[in-house]
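Below is one structure, written out as structure tokens, with a few remarks after it.
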Amino acid sequence: MPELPEVETVRRTLELAISKETISHVEAPYQKIITQDFKWFQEKIKNQTINRIDRMGKYLIFILDKDAMIIHLRMEGKFYIKSDEPLLKHEHIIFHFVSGKNLRYHDVRKFGTMTLLPLETYLDSEPLNRLGKEPKNIDMKAFYQNLHHRNITIKQALLDQHLIAGLGNIYVDETLFRSKIHPTRNTSSITKKEAEALIDSAKKVLEKAIELGGTTIRSYTSSLGVHGRFQNELMVHMKKGEPCPICGTTIIKMKVGGRGTYVCPNCQH
DNA sequence: CCCGTGCCCTGGCGGC
DNA sequence: TGCCGCCAGGGCACGG
């Protein structure tokens, strides 16, 4: 699923490909991706130019002339740029450009969302106003204090986008492994030193993953046929039954907060 | 406010 | 081989 590095890869690719394109019209074979009234959305976005593409956490943000389009790809959302090729089964939203090209949103699970908000207020509106800081910008003191004000597993905390933004299931497993912290540990038991180790590991993991274009596993390729290479750097995620790269103990899979979780039972405490 | 559960959705897989 | 049922999961609504 696209997490921060995959979304950043998509952002970079799209910005090169479609910034300065003007939207002539939008069609939506499956309208529910748009969280607002589609007729309203269609009228509002018409004739606006894509000036820039930003990202906050796992959200993509198209900066248009008057509005910002906030996009979440959820599990399997992808973008493709095409011209007059026939419409494929899972292409749900098509942005037609004045140039003749079009941008197609493809999403097998139909979980993705798109929302149009005014440039003046989108940062102060849901969902971005409640989004936590990314690991590279996080305030350590506030992060540590937040952990101690809560009573959940550290894995659930790292997945909570209000607490820290950008990590999903893959990078949380990798972050915890590299910090030698067990996913089921209660947030209130995390020491200051451990909190620092977590943020340090998260930064390094995300940075490396961005450098390698993200992680491509199963169907989770990013847009435009871009294949990431971070899957070669994974140490525990999807490694059930394999030896831990540090100690050789067999990696196990368990459920934590309802999520599939990979752990080295020897290295992580 | 805090936390757990269920929902959205469909392809792929295990079991028979 | 074919069919059935279940699983995956990010974010949010809802209920205790």
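Chain letters run A, B, ... following the sequence lines, proteins first and then strands; every chain starts at 1.
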According to salt bridge (Lys or Arg N to Asp or Glu O under 4.0 Å), who are the partners of A/Arg229, at least two apart in sequence or on a separate chain? none

Quick one: the dot-bracket string of DNA chain C, using Watson-Crick and G-U wobble pairs with both distances under 3.5 Å, [ ] for crossing pairs and | for bases paired to another strand. .|||||||||||||||

Between P on B/dC9 and CD on A/Gln31, what's the gap in Å once rounded to a whole number? 14 Å

If I take atom NZ in residue A/Lys89 and atom P in nucleotide B/dC9, what distance separates them, rounded to the nearest angstrom? 15 Å

A/Lys255 side-chain N/O to C/dA8 phosphate OP1/OP2 under 4.0 Å: yes

Side chain to side chain donor-acceptor pair (under 3.5 Å) contacts touching residues 110-123 of chain A (sequence neighbours left out): A/Thr35-A/Thr115

Calculate the interatomic distance between A/Ile33 atom CD1 and C/dG10 atom P; express it in whole Å. 16 Å

Once salt bridge (Lys or Arg N to Asp or Glu O under 4.0 Å) is applied, do any residues pair with A/Lys203, and if so which ones, sequence neighbours excluded? none

Determine, stepwise, if the pair A/Ile63 / A/Ile50 fulfils side chain to side chain contact (heavy atoms under 4.5 Å, CB included). CA-CA 6 Å; A/Ile63 303 294; A/Ile50 301 168; over 6 Å; no

Taking N or O atoms only and anything under 3.5 Å, show me the protein contacts with nucleotides 3-6 of chain B, one pair per line.
{"residue": "B/dC3", "atom": "OP1", "partner": "A/Asn151", "partner atom": "N", "Å": "2.4"}
{"residue": "B/dC3", "atom": "OP2", "partner": "A/Arg150", "partner atom": "NE", "Å": "3.0"}
{"residue": "B/dC3", "atom": "OP2", "partner": "A/Arg150", "partner atom": "NH2", "Å": "3.2"}

Just checking A/Asn169: base, sugar-phosphate only, or nothing, at a heavy-atom cut-off of under 4.0 Å? sugar-phosphate

Measure from NZ on A/Lys32 to C1' on B/dC9 and round the result to the nearest Å. 9 Å

Can you tell me how far P of B/dC9 sits from OH of A/Tyr105, to the nearest Å? 13 Å

Out of the candidates A/Thr187, A/Asp173, A/Thr184, A/Thr175, only one should pair with A/Lys155 under the side chain to side chain donor-acceptor pair (under 3.5 Å) rule; please name it. A/Asp173

Could you give the side-chain donor-acceptor pairs of residues 22-33 of chain A under 3.5 Å, partners two or more places apart or in another chain?
{"residue": "A/Thr22", "atom": "OG1", "partner": "A/Thr49", "partner atom": "OG1", "Å": "2.7"}
{"residue": "A/Ser24", "atom": "OG", "partner": "A/His96", "partner atom": "O", "Å": "3.1"}
{"residue": "A/Glu27", "atom": "OE2", "partner": "A/His96", "partner atom": "NE2", "Å": "2.7"}

Could you work out, with ring pair (Phe, Tyr, Trp, His ring centres under 6.0 Å) as the rule, every residue matching A/Phe177, not counting sequence neighbours? none

Between C/dA8 (C1') and A/Tyr262 (OH): distance, integer Å: 10 Å

For A/Gly260, answer base if it contacts any base atom (sugar-phosphate contacts may also be present), sugar-phosphate if it contacts only those atoms, and nothing otherwise; contact means non-hydrogen atoms under 4.0 Å. sugar-phosphate

Suppose we screen for salt bridge (Lys or Arg N to Asp or Glu O under 4.0 Å). Which residues come up paired with A/Asp65, at least two apart in sequence or across chains? none

A/Val108 side-chain proximity, nearest of B/dG11, C/dA8, B/dC9: B/dG11

Which atom pairs, donor and acceptor, lie under 3.5 Å between side-chain atoms of residues 130-137 of chain A and protein residues at least two apart or in another chain?
{"residue": "A/Arg130", "atom": "NH2", "partner": "A/His162", "partner atom": "NE2", "Å": "3.4"}
{"residue": "A/Glu134", "atom": "OE2", "partner": "A/Arg55", "partner atom": "NH1", "Å": "3.0"}
{"residue": "A/Glu134", "atom": "OE2", "partner": "A/Gly57", "partner atom": "N", "Å": "2.8"}

Test ring pair (Phe, Tyr, Trp, His ring centres under 6.0 Å) applied to A/Tyr144 - qualifying residues, sequence neighbours left out: A/His148

With no hydrogens and no angle check, just 3.5 Å: does a side-chain donor-acceptor pair link A/Ser179 and A/Ser201? yes

Expressed in angstrom and rounded to an integer, what is the separation of A/Asp173 atom CG from C/dA8 atom P? 13 Å

Review item, nucleotides 11-15 of chain C N/O atoms under 3.5 Å of protein N/O:
{"residue": "C/dG11", "atom": "OP1", "partner": "A/His72", "partner atom": "NE2", "Å": "2.7"}
{"residue": "C/dG11", "atom": "O4'", "partner": "A/Arg74", "partner atom": "NH2", "Å": "3.3"}

How many Å lie between CD on A/Glu76 and C1' on B/dG12, as a whole number? 11 Å

Can you list everything that forms a side-chain hydrogen bond (donor to acceptor under 3.5 Å, both in side chains) with A/Asp54? Sequence neighbours excluded, please. A/Arg52

Distance check: side-chain N/O of A/Lys110 vs OP1/OP2 of B/dT10, anything under 4.0 Å? yes

